[in-house]
Structures are given as structure tokens and as C-alpha cells.
Amino acid sequence: MPDLATLISPILHSPRLAEISELLQSKLKEERRLRDQFYSEMTPEMKIEFIDGEVVLHSPARNVHLDVTKWILMLVDTYVNVHQLGEVKAEKCLCVFPRNDYEPDIVYFGAAKAAALKSDTMKFPIPDLIVEVLSESTAARDRGVKFEDYESHGVEEYWIVDADAGIVEQYLRHGETLELAMKSSTGELRSQAIPGFAASVAAFFDARENLAALRTLLAARAD
């Protein structure tokens with residue numbers, strides 16, 4: 001992804017810089033107004049996001065999407081709870097970025113961020129790990145504006161999960177970028193953001209594999 005200096009260089013040297021700046025300020029002012037309205041009108045029952053100045057309302061998910069999200073959530077949440085490593089949230093957790101607001105399928109906050117969460121929190125900080133399970137209506141944003149935003153604002157790890165194909169893509173932070181570390185339907189995924197977390201990729205997509213992985217996690221704790 002180009003850095004900010006590269007992105008704005010053509011504008012800085014344009015004779016229309018003042019006009020461009022005025023237009024941008026007007027756009028941002030209106031966007032702030034719409035974002036404040038979004039905050040005032042949202043309710044806990046809604047699954048909505050605020051992206052690029054627009055409210056995005058999500059439709060119900062297909063069964064395969066729900067199952068895969070559930071299986072991944074159970075693995076990550078169980079591990080984090082067993083080892084007291086922070087907090088895991090799902091679906092209606094509104095994560096506030098500098099310009100946009102997202103409700104990823106699954107998020108993980110390490111201990112430092114989790115300590116600041118309260119019972120009435122509705123606007124959450126930027127997560128350490130984000131999981132998005134692809135759907136036809138969200139795939140372009142998950143790979144586009146969301147990826148750019150997550151990369152630009154400190155998300156340490158990002159999983160893009162294709163429930164239909166049974167494939168997970170794991171992106172890990174290296175400096176200023178998120179780089180592909182794994183794309184597979186087999187093998188073991190080891191997390192960078194969650195200390196010590198490792199799970200079979202098959203356990204993301206199959207009920208029996210998931211149950212076996214959960215038993216392993218709990219047995220390790222018992223030992």
C-alpha cells in the first residue's frame with residue numbers, strides 16, 4: 001500500500017490545492033455530521049457499519065457462514081478465556097477506526113485493550129485480531145476498504161475466511177503492512193496476536209474436528 005506522502009504528492013503540487021483542500025474539508029464536515037447521526041440512531045439490535053460516509057446495513061447470513069463463524073469463535077474464545085489473555089467478541093461489536101466503524105465477525109482484544117472495556121461499552125477500540133467470514137455482499141469490502149483500514153491502523157492480525165471453499169487466509173503485521181502468512185484448507189494456523197494459540201484449519205470448517213480441537217484445548221488446561 002502506498003504511504004501517505006506518495007498518495008498526496010500529486011495534490012500538493014497541483015495549482016488547485018486550495019480548492020481541493022476546501023472540498024475535502026467540506027466533505028469531512030458532512031461525513032462527521034452523518035457519523036454523529038449514525039451513533040445517535042444505532043441500537044444494540046442492529047448489525048450496521050459506517051463506511052466511507054454511508055451506513056451499511058447487513059442482511060441475515062447463510063447457514064454455512066453462521067456455522068463457520070461459530071466454530072472459529074468457540075476455538076478462539078475458549079483459548080483466550082482459559083489463558084486469561086483478553087476479550088473475544090462477535091458480530092455486533094462496533095470497532096471505531098479514525099474514519100469508519102466496522103462490526104467484524106470476530107475480534108480479539110489483548111489484555112491492555114480489554115481492561116478498558118466496560119459493561120456499557122458500545123464503541124470499541126481497534127482490535128488486535130480481526131476475523132471476517134466472506135459473503136457475497138461483503139467480500140469486496142473485506143478485501144478492499146477494510147483490509148486497507150486494518151492495515152493502516154495497527155491491526156496485528158487479520159483472517160479472511162472463505163466458508164464455502166473451506167480456506168483461511170492469515171495476514172500478519174510486518175512493520176506498516178499486513179502480509180499473507182498462510183492460505184490453506186489444511187495444516188495448522190498459529191496466531192501472532194494471541195500468544196500461544198494454534199489450531200487445525202480443519203477445526204474451522206467441520207463440527208467434529210472443532211469438537212476434537214476444543215477437547216484438546218481444555219485437556220491442556222487441565223494438565
Side-chain angles (χ1 to χ4, degrees), residues 1 45-52 54-80 88-95 97 100-108 124 126-152 155-173 177-194 197-217:
M1 182 185 67
E45 294 76 30
M46 297 177 175
K47 181 168 174 59
I48 52 177
E49 299 179 313
F50 187 84
I51 304 174
D52 194 18
E54 297 184 353
V55 176
V56 178
L57 181 64
H58 289 276
S59 59
R62 293 182 300 127
N63 191 43
V64 66
H65 183 287
L66 296 173
D67 280 344
V68 168
T69 302
K70 176 183 66 177
W71 293 329
I72 297 173
L73 175 64
M74 287 194 298
L75 288 171
V76 175
D77 192 44
T78 298
Y79 182 86
V80 169
V88 179
K89 305 294 181 184
E91 289 199 346
K92 295 180 182 178
C93 176
L94 189 74
C95 300
F97 284 69
N100 301 310
D101 301 280
Y102 305 112
E103 290 191 339
D105 290 304
I106 301 168
V107 296
Y108 161 71
F124 290 77
I126 293 172
D128 296 301
L129 165 70
I130 293 179
V131 182
E132 296 281 15
V133 181
L134 298 176
S135 67
E136 191 172 325
S137 61
T138 67
R141 285 193 296 269
D142 292 340
R143 296 187 180 281
V145 63
K146 288 188 176 184
F147 190 104
E148 182 179 352
D149 220 349
Y150 299 166
E151 183 176 54
S152 299
V155 173
E156 186 177 347
E157 186 168 351
Y158 181 30
W159 303 350
I160 297 178
V161 181
D162 187 331
D164 292 308
I167 294 173
V168 59
E169 299 170 32
Q170 179 192 33
Y171 295 87
L172 301 178
R173 178 159 297 280
T177 63
L178 286 171
E179 297 181 9
L180 182 64
M182 176 184 189
K183 180 178 181 179
S184 182
S185 59
T186 61
E188 185 178 65
L189 183 148
R190 291 185 171 273
S191 176
Q192 176 174 287
I194 306 174
F197 177 85
S200 164
V201 172
F204 289 8
F205 303 105
D206 181 84
R208 290 185 179 181
E209 293 283 352
N210 187 265
L211 182 57
L214 285 170
R215 286 172 173 160
T216 299
L217 288 177

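As the structure is a prediction and not an experimental result, all values here were calculated from the model. Start at 1 with the first residue, then count along the sequence.
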Using modelled atom types only, decide if a donor and an acceptor are shared between the side chain of [X] and the backbone of [Y] within a distance under 3.5 Å.
X: Glu103; Y: Ile48; value: yes
X: Asn100; Y: Asp52; value: yes
X: Thr78; Y: Leu75; value: no
X: Asn210; Y: Ala203; value: yes
X: Lys89; Y: Tyr108; value: no
X: Asp105; Y: Val133; value: yes
X: Thr177; Y: Arg173; value: no
X: Asp142; Y: Glu132; value: no

Please identify which of these residues, Ile106, Ile72, Val201, meets the side-chain contact (heavy atoms from CB on, under 4.5 Å) condition with Val161. Ile72
For [X] versus [Y], what's the shortest heavy-atom pair and its separation?
X: Arg208; Y: Asp206; answer: N-OD2, 3.1 Å
X: Leu134; Y: Ala139; answer: CD2-CA, 3.9 Å
X: Asp162; Y: Phe205; answer: O-CE2, 3.7 Å

Distance, nearest 0.5 Å, that separates [atom1] of [X] from [atom2] of [Y]:
X: His65; Y: Glu136; atom1: NE2; atom2: CD; result: 12.5 Å
X: Met74; Y: Thr69; atom1: CE; atom2: OG1; result: 11.0 Å
X: Phe204; Y: Glu209; atom1: CZ; atom2: CD; result: 12.0 Å
X: Lys146; Y: Glu151; atom1: NZ; atom2: CD; result: 16.0 Å
X: Ser135; Y: His58; atom1: OG; atom2: NE2; result: 8.0 Å
X: Cys93; Y: Ile130; atom1: SG; atom2: CD1; result: 9.5 Å

Between Ser191 and Glu157, do the side chains contain an N or O donor and an N or O acceptor separated by less than 3.5 Å? yes
Aromatic contact between Phe50 and Tyr102, with the criterion being ring centroids under 6.0 Å apart: yes or no? no
Under 4.5 Å between any side-chain heavy atoms of [X] and [Y], yes or no?
X: Arg143; Y: Ile160; result: yes
X: Val64; Y: Asp164; result: yes
X: Met182; Y: Glu169; result: no
X: Trp159; Y: Leu189; result: yes
X: Leu180; Y: Gln170; result: no
X: Val107; Y: Cys95; result: yes

Between Asp77 and Tyr79, is the side-chain hydrogen bond (donor to acceptor under 3.5 Å, both in side chains) condition met? List the steps. CA-CA 6 Å; Asp77 192 44; Tyr79 182 86; over 6 Å; no
Leu73 and Val88: CA distance, side-chain angles, deciding distance, side chain to side chain contact (heavy atoms under 4.5 Å, CB included) verdict: CA-CA 8 Å; Leu73 175 64; Val88 179; 3.7 Å; yes
Is the number of heavy atoms from other residues, nucleotides or ligands within 6.0 Å of NZ (Lys70) greater than 12? yes
Set out, in order, the CA-CA distance, both residues' side-chain angles and the distance that settles side chain to side chain contact (heavy atoms under 4.5 Å, CB included) for Arg62 and Leu66, then state yes or no. CA-CA 6 Å; Arg62 293 182 300 127; Leu66 296 173; over 6 Å; no
Presence of salt bridge, Arg190 and Glu188, under 4.0 angstrom: yes
Side chain to side chain contact (heavy atoms under 4.5 Å, CB included) between Gln192 and Leu129: does it pass, once the steps are laid out? CA-CA 9 Å; Gln192 176 174 287; Leu129 165 70; over 6 Å; no
Relative to the ring of Phe97, is the ring of Tyr150 parallel (under 30°), tilted (30 to 60°) or perpendicular (over 60°)? tilted
Side chain to side chain contact (heavy atoms under 4.5 Å, CB included) assessment of Val155 paired with Phe147: CA-CA 10 Å; Val155 173; Phe147 190 104; over 6 Å; no
